[in-house]
Structure formats: C-alpha cells, structure tokens
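Report on one structure; see the data block that follows.
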Protein chains: 2
Amino acid sequence: MDPASAPAPAPGPEPRWLDDSERHLWLTYLQATTLLEDHLDRQLQRDAGMPHLYYAILVHLSQAPRRRLRMTQLAKNLKITRSRLSHAAARLEQRGWMVREDCPSDKRGQFAVLSEDGREVLRRSAPGHVGAVRQALFDRLSPGQQKSLGEIMEIIAEGLQPDEADADLPWLR
Amino acid sequence: MDPASAPAPAPGPEPRWLDDSERHLWLTYLQATTLLEDHLDRQLQRDAGMPHLYYAILVHLSQAPRRRLRMTQLAKNLKITRSRLSHAAARLEQRGWMVREDCPSDKRGQFAVLSEDGREVLRRSAPGHVGAVRQALFDRLSPGQQKSLGEIMEIIAEGLQPDEADADLPWLR
DNA sequence: AGTCATTGCTTGAGAGTTAAACTATCAAGG
DNA sequence: CCTTGATAGTTTAACTCTCAAGCAATGACT
C-alpha cells in the first residue's frame with residue numbers, strides 16, 4: 001500500500017500546509033522552548049559554571065545505582081549522541097566532576113562515574129536550578145495542564161525514538 | 001494532598017523539591033524537546049543544507065512586509081541574541097540567501113532582506129520541513145491536545161520574556 | 001558645539017556541537 | 001586461529017553559539 005494514495009507523479013509534492021492556528025502553535029512552541037532552554041542554560045552557567053547538558057549528565061549519574069553508567073546508556077538516557085557525550089565527559093573529567101573507569105567485563109566499555117566533587121557541585125547547585133525550573137514551569141501550570149503536557153511530551157518523544165523494536169532486532173526479518 | 005512533604009520553613013534556602021510526577025514530567029519534557037529539535041535540525045541539514053535556526057530566519061523574513069526586517073526586530077521575533085543573529089546573517093549572506101541593507105533613516109540600522117535565492121531555497125525545502133513538523137507533532141496530537149499545548153507554551157513563553165517582566169527587581173529601590 | 005549615556009549592530013575568542021572517520025573489542029562461524 | 005560484522009567509545013575538523021568587548025550613530029541635555 002502506498003503511504004499516500006495521491007495521484008501525483010512525484011512523491012507527494014504538496015504536503016498539507018499549516019493553517020493559521022497550527023502555524024501559531026508551532027511558532028509559540030519554538031519560542032517557548034528556546035526561551036526556557038536559554039533561560040536555564042544561563043541560570044546554570046551563572047550559578048554553577050556549567051551548561052545545562054553538563055548538569056543533566058551529573059544528575060543522571062547521581063541517580064544511577066553506584067553513581068555510574070556506561071557511556072552509551074547515559075547517552076541514550078539523555079537522548080544525545082555518544083560523540084556529544086564523549087566531548088562533554090572530557091570536560092567534566094577535566095573539572096574533576098566525574099571520572100571514566102574501564103569496564104572489567106568489556107574492555108571497550110567505559111563507566112562514567114560521578115566523583116565526590118561532582119556530588120558536591122550538584123548539592124550546591126541543585127536547589128537553585130530546581131527553583132528556576134519550578135518558577136518557569138511548574139508554578140505557572142495548573143495540575144491539569146501539567147498532566148496534559150506530560151501526555152503530549154510523551155507522545156512527541158515516542159514518535160522520535162530510534163524505534164527500539166526494530167533497532168533491537170534488525171536481524172529478524 | 002501534600003505537595004511538599006518536608007516541613008520547609010520558608011521559600012529561602014531549601015526550595016520545594018520535585019516530586020516523582022514532576023520529575024517525570026520534566027525528564028520527558030527535556031527528552032521530547034531535544035529529540036524534536038535534533039530531528040528537525042538533521043532533517044533540514046540533510047534536505048536543505050542548513051540548521052534549523054537559519055531556516056527559521058528565512059521563514060520570518062519571507063513573512064515580513066517587504067521580505068525585510070531590522071536586525072534587532074528579527075532577533076526579538078526569534079528570541080535569540082543580536083550577536084547570534086549577526087553571525088547567522090553573515091553565513092546566510094555568504095550563501096547568497098539574504099543580504100543586509102543600510103537603513104536610510106538610522107545609519108546604525110541594518111535591514112535583513114531575503115534574496116531571490118533565499119526565496120527559492122525556501123520554496124524547495126519548505127514542503128519537506130512542514131511534512132517533518134506535521135509528522136512529528138501535529139499528526140500525533142488530537143485537536144484538544146494541540147489547543148492545550150498552545151496554551152501551555154504561551155504561558156511558558158510569557159513568563160520568560162525579558163522585556164516586560166522586570167517585575168523581579170526586589171533589590172532595586 | 002560638547003558631553004554622555006543609549007542604541008544598533010558587529011567582532012573575536014573560546015566553548016560546544018556535529019558528522020564522519022578511526023581504534024579497539026567482541027562474538028559468531030569457518 | 002582467522003575472518004567478518006557489529007558494538008563501544010574517541011577523535012578530527014568544520015561549524016555554530018556564547019560572552020564580553022567594541023565601534024559608530026543617535027538622542028538628550030547643557
């Protein structure tokens with residue numbers, strides 16, 4: 001079956017355009033997400049001396065079992081590329097906030113491990129950051145809106161995951 | 001209901017921590033927005049040879065009265081810094097997709113003007129991009145969810161506008 | 001005319017990101 | 001053993017973004 005049963009010669013040359021309300025929603029989405037990301041980036045840079053991503057990395061490590069995660073797993077959790085994580089890890093290691101340890105069972109593997117200094121910097125900066133998130137987001141949305149936002153973001157994320165079902169079993173046809 | 005289970009004395013040093021559902025919403029928000037932004041960035045880089053921001057710049061210009069906007073106004077529309085726009089404009093000008101023209105009434109001013117090549121590259125890449133946005137966002141959300149998302153994003157953006165919200169200056173006066 | 005703060009925009013350097021290439025290891029078969 | 005192909009992670013170079021500093025024109029005030 002064709003994905004689109006259009007009588008066009010080329011693969012669907014004219015997609016449905018965005019109508020006014022869709023265009024407005026999309027514009028607002030872009031503005032809000034840029035504003036929020038920039039706001040938090042600045043807040044963290046100012047108060048903790050690191051960009052948002054680095055903070056997120058430390059948080060994820062701090063919540064992991066022995067405060068350690070394999071690089072690839074960490075990248076997956078954060079939805080970033082391994083390359084990006086690799087660079088960030090180098091920086092974080094330079095600052096003494098994490099270390100990389102060899103994985104005994106797989107010599108290719110590396111564990112990213114939150115250091116004591118890393119825990120400390122998190123302890124110091126977490127309250128301010130949580131405050132910023134709360135002030136920018138949670139304090140402004142009703143419980144119902146929070147629920148909606150959660151469902152919506154879940155749907156968006158779901159649609160963009162490198163499909164695990166296929167990715168896990170590419171050799172099955 | 002007990003939003004804050006800790007007997008926090010005041011909104012001073014210890015901010016209300018995020019509870020489980022808030023933490024989950026925040027995590028999902030971050031993942032969804034990164035996934036979507038990365039997805040569109042890649043889509044545009046692949047199909048149009050430019051990052052999402054550059055595309056957004058061209059779109060805004062194409063919708064402006066004589067396909068031109070003052071730099072500062074354009075930066076405000078896009079919620080980015082003038083510096084960032086300046087660098088991007090240099091790139092776009094290099095590629096021949098826009099030009100800068102002096103403002104006759106204010107010799108400091110510059111107009112960013114969409115060039116004919118710029119219109120052309122937009123014409124070519126817009127359908128694919130709109131398709132990507134539709135597929136990732138609009139096709140997955142019910143009308144009600146779209147309405148909710150619009151309201152929510154409006155609220156978030158409103159709270160972060162640097163302009164009118166100078167309400168937070170308790171240290172002054 | 002002369003100062004002086006402000007506005008509009010650009011620049012340079014350093015930090016961060018990206019895609020693609022690269023090293024090393026693993027695992028399955030021959 | 002020795003291939004072959006996948007996986008784990010890093011690295012390179014090109015690009016983009018940020019921040020702070022800079023310059024020139026403007027406007028207000030003298």
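Here the structure is a predicted model, which means the values were calculated and not measured. Below, chains carry the letters A, B, ... as their sequence lines are ordered, and counting in each starts from 1.
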When you check the side-chain N and O atoms of B:Asp41 and B:Gln45, is any donor under 3.5 Å from an acceptor? no
B:Arg95 has an atom CZ; how far is it from atom C1' of D:dT16, in whole Å? 10 Å
OP1 or OP2 of C:dG16 under 4.0 Å from side-chain N/O of A:Tyr54: yes
Quick check on the hydrophobic clustering: are A:Met50 and A:Leu61 connected, directly or via other members, by side-chain heavy-atom contacts under 4.5 Å? yes
How close or far is atom P of C:dG8 from atom CG of B:Leu85, stated in whole angstroms? 14 Å
Under the 3.5 Å rule, do the base of D:dG9 and the side chain of A:Arg82 count as making a donor-acceptor pair? yes
Can you tell me which nucleotide in C:dC9, D:dT10, C:dG16 comes closest to the side chain of B:Gln110? C:dC9
Would you check if the side chain of A:Ser115 reaches a backbone N or O of A:Gly96 as a donor-acceptor pair within less than 3.5 Å? yes
Quickly work out the B:Arg46 CZ to D:dC15 C1' distance and round it to whole Å. 19 Å
Measuring to OP1 and OP2 of D:dT10, would you say a side-chain N or O of A:Arg108 lies under 4.0 angstrom away? no
Is it the case that the base of C:dG12 and the side chain of B:His87 share a donor-acceptor contact (distance under 3.5 Å, atom types as modelled)? yes
The test is salt bridge (charged side-chain N to carboxylate O under 4.0 Å, His left out); show your working for A:Glu158 and B:Arg140 and say whether it passes. CA-CA 10 Å; A:Glu158 192 187 356; B:Arg140 299 180 181 274; over 6 Å; no
Let me know, please, whether A:Leu53 or A:Ser105 comes out on the 5' side of the other along DNA chain C by nearest nucleotide. A:Leu53
Would you kindly compare B:Gln45 and A:Gln45 by the position of their nearest DNA chain C nucleotide and give the one closer to the 5′ end? A:Gln45
What is the distance, rounded to the nearest whole Å, between atom CG of A:Leu92 and atom P of C:dG16? 9 Å
B:Arg100 side-chain proximity, nearest of C:dT17, D:dT18, C:dT10: C:dT10
Proximal nucleotide (of D:dG9, C:dG16, D:dC17) relative to the A:Arg91 side chain: C:dG16
Do the side chain of A:Ser83 and the base of C:dA19 come within less than 3.5 angstrom through a donor-acceptor pair of N or O atoms? yes
Side chain to side chain contact (heavy atoms under 4.5 Å, CB included) between B:Thr33 and A:Tyr29, intermediate numbers included: CA-CA 10 Å; B:Thr33 52; A:Tyr29 173 92; 3.5 Å; yes
Whole-Å distance, A:Leu44 CG to C:dG16 C1', equals 15 Å
Between P on C:dG8 and CG on B:Leu69, what's the gap in Å once rounded to a whole number? 14 Å
Evaluate salt bridge (charged side-chain N to carboxylate O under 4.0 Å, His left out) for B:Arg95 paired with B:Glu120, printing each intermediate quantity in order. CA-CA 12 Å; B:Arg95 301 179 193 190; B:Glu120 178 53 27; over 6 Å; no
Whole angstrom value for the distance that separates P of D:dA20 from CZ of A:Arg42: 10 Å
Measuring to OP1 and OP2 of C:dT10, would you say a side-chain N or O of B:Arg84 lies under 4.0 angstrom away? no
Whole-Å distance between C:dG16 C1' and A:Glu93 CD? 17 Å
Of all the choices, D:dT10, C:dA15, D:dT26, which nucleotide is nearest to the side chain of B:Asp106 once you look at every atom? D:dT26
Side chain of A:Thr72, heavy atoms from C-beta onward: which of D:dT16, D:dC17, D:dG9 has the nearest atom to it? D:dG9
